[in-house]
Number of protein chains: 2
Amino acid sequence: MPKETFYNLDGAKQRRIFQAAVQEFSRRSFNEASINQIIKQAGISRGSFYQYFQDKEDIYLYMLTEIGKEKTAAIEQVRQQRPAGDDFFAALLQMTEAALDWARAMPQYNQIGMRMILDDSEFIIKLRQLSPAAVNQFITLIERDQKRGLIKSDVKPELVIDVIMVLMQHCLKEYYQSADYAGMLQQAKKIFAIIKHGIAAPKSTGE
Amino acid sequence: MPKETFYNLDGAKQRRIFQAAVQEFSRRSFNEASINQIIKQAGISRGSFYQYFQDKEDIYLYMLTEIGKEKTAAIEQVRQQRPAGDDFFAALLQMTEAALDWARAMPQYNQIGMRMILDDSEFIIKLRQLSPAAVNQFITLIERDQKRGLIKSDVKPELVIDVIMVLMQHCLKEYYQSADYAGMLQQAKKIFAIIKHGIAAPKSTGE
DNA sequence: TTGTCATATGACATACTTGTCATATGCAAA
DNA sequence: TTTGCATATGACAAGTATGTCATATGACAA
């Protein structure tokens, strides 16, 4: 919640400040990030900064909500272009592609998201606990597939989501280092196959 | 590689300094950690610190090797008490229990390990790349089980290890917050079951 | 032109950090 | 006792950071 004065600024300047924040918060952890760097990058004075924002937490939250808006819009676009598959794994794959797309297009935003997951400063921990996590939709999908007899009924949907989220994060992190889009997608598919079918050899029934 | 002067110190003082480092590096990231805190905690003067160590990296490396020694000893002990199971999943479970034991007994050490995985300061990244990771043993186990027909032959052992390592880290992280030993072990088992058998319902063969 | 008011500015106080260095201390040998 | 050497110390310089505040600026109204 920036102060009124910030919103009175013309759009270009707001944007400049936003982008300076993105740059700094994607480069360093919340604690390490420096307001000095942000104002230098944005080309505003120290005094002005405190006229716009309460403190570092304030501009961080502002930046997050801005990114959130853009992300929602982007996801909506993907969803319209490629309608969701009809089972859990199809939907999962679609989401994975969307996530990779996002990471590729907005590396800094993704970096910030990454940091948020890893960062363990008090503020970020508090913040993370509030995050809603749009997982409910997937839980519903799993439950439906369980009723349809596609997924074992004795696994807990929450656990599956948990496992998959963790692995997805890992893939994104790897993608950062390798920057190999196709390879990463390939690997994600293999991982999902493991989750789907397991690694144990079939018990000499089909063989 | 601390300086000679450090090793000339009597054991108690060395230990005090080591523990001060553990405390600080488990509390804050490498970049955020402060030498001031360490010397205050250890009860030595600023000047002395620089007589013992080159800089922050130096004491960090020293601390890591010390922890490494202790860990190796602890693992050896576990291995002797509980001999490894004869297939991959048995060995995996044993390792999980060992890891949880370790985390419970040495929360700070584990915290440091955790930080090392997450930390993205230049120094830590460089350091992490050097780490050998004692995964080879597990890869061998998987390959053996593949030959024995227990594990599908078309999965890449490296990928499986990767997936499991990531999930294990996640479990440890969760364990930190919940501090529920039994519950965590239970969850780990369920996760391994997913890896083993998958979540897809059997194709109307057994039902 | 003058008055008013929102906004912009950077100097400042304060509080941290790291690494150095002149000096002090204490021990051991001569 | 005196000499000499290893070690201990904290003041210091130089850098970083944050948040405040008196003052300057510029735009618009009277």
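The figures here come from the full heavy-atom set of this structure, side chains too, leaving out hydrogens, waters and symmetry mates. Naming: A, B, ... by sequence-line order, numbering from 1 per chain.
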Counting only heavy atoms not in A/K173, do more than 12 sit closer than 6.0 Å to its NZ atom?
yes
Taking atom CD as the centre, does A/E122 end up with more than 12 heavy-atom neighbours from other residues, nucleotides or ligands that are less than 6.0 angstrom away?
no
If you look at every strand shown and take non-hydrogen atoms under 4.0 Å, does A/K3 touch a base, only sugar-phosphate, or nothing?
nothing
Is it true that the side chains of B/Y175 and B/N110 contain a donor and an acceptor less than 3.5 Å apart?
no
If the threshold is 4.0 Å, N to carboxylate O, is there a salt bridge linking B/E32 and B/K56?
no
Taking only Watson-Crick and G-U wobble pairs with both distances under 3.5 Å, what dot-bracket line describes DNA chain D, where [ ] shows pairs that cross earlier ones and | shows pairs with another strand?
||||||||||||||||||||||||||||||
Are A/R148 and A/D87 ion-paired here, with the side-chain N under 4.0 Å from a carboxylate O?
no
Is it true that atom NZ of A/K3 has more than 12 heavy atoms of other residues, nucleotides or ligands lying nearer than 6.0 Å?
yes
When we call it a touch if two heavy atoms are under 4.0 Å apart, what does A/Y52 touch: a base, just sugar-phosphate, or nothing?
sugar-phosphate
B/I39 CD1 to C/dC16 P: how many Å, rounded?
14 Å
Which side-chain N or O atoms in residues 35-43 of chain A pair as donor and acceptor under 3.5 Å with protein atoms at least two apart or in another chain?
unit_1: A/N36; atom_1: OD1; unit_2: A/R46; atom_2: NH1; d: 2.6

Basic-acidic side-chain contact under 4.0 Å: B/E24, B/R28:
yes
Between B/N8 and D/dA6, is there a contact of a side-chain N or O with OP1 or OP2 at under 4.0 Å?
no
Where protein sits on nucleotides 11-29 of chain D, one letter per nucleotide: B base, S sugar-phosphate only, - none, heavy atoms under 4.0 Å
B-----SBBBB--------
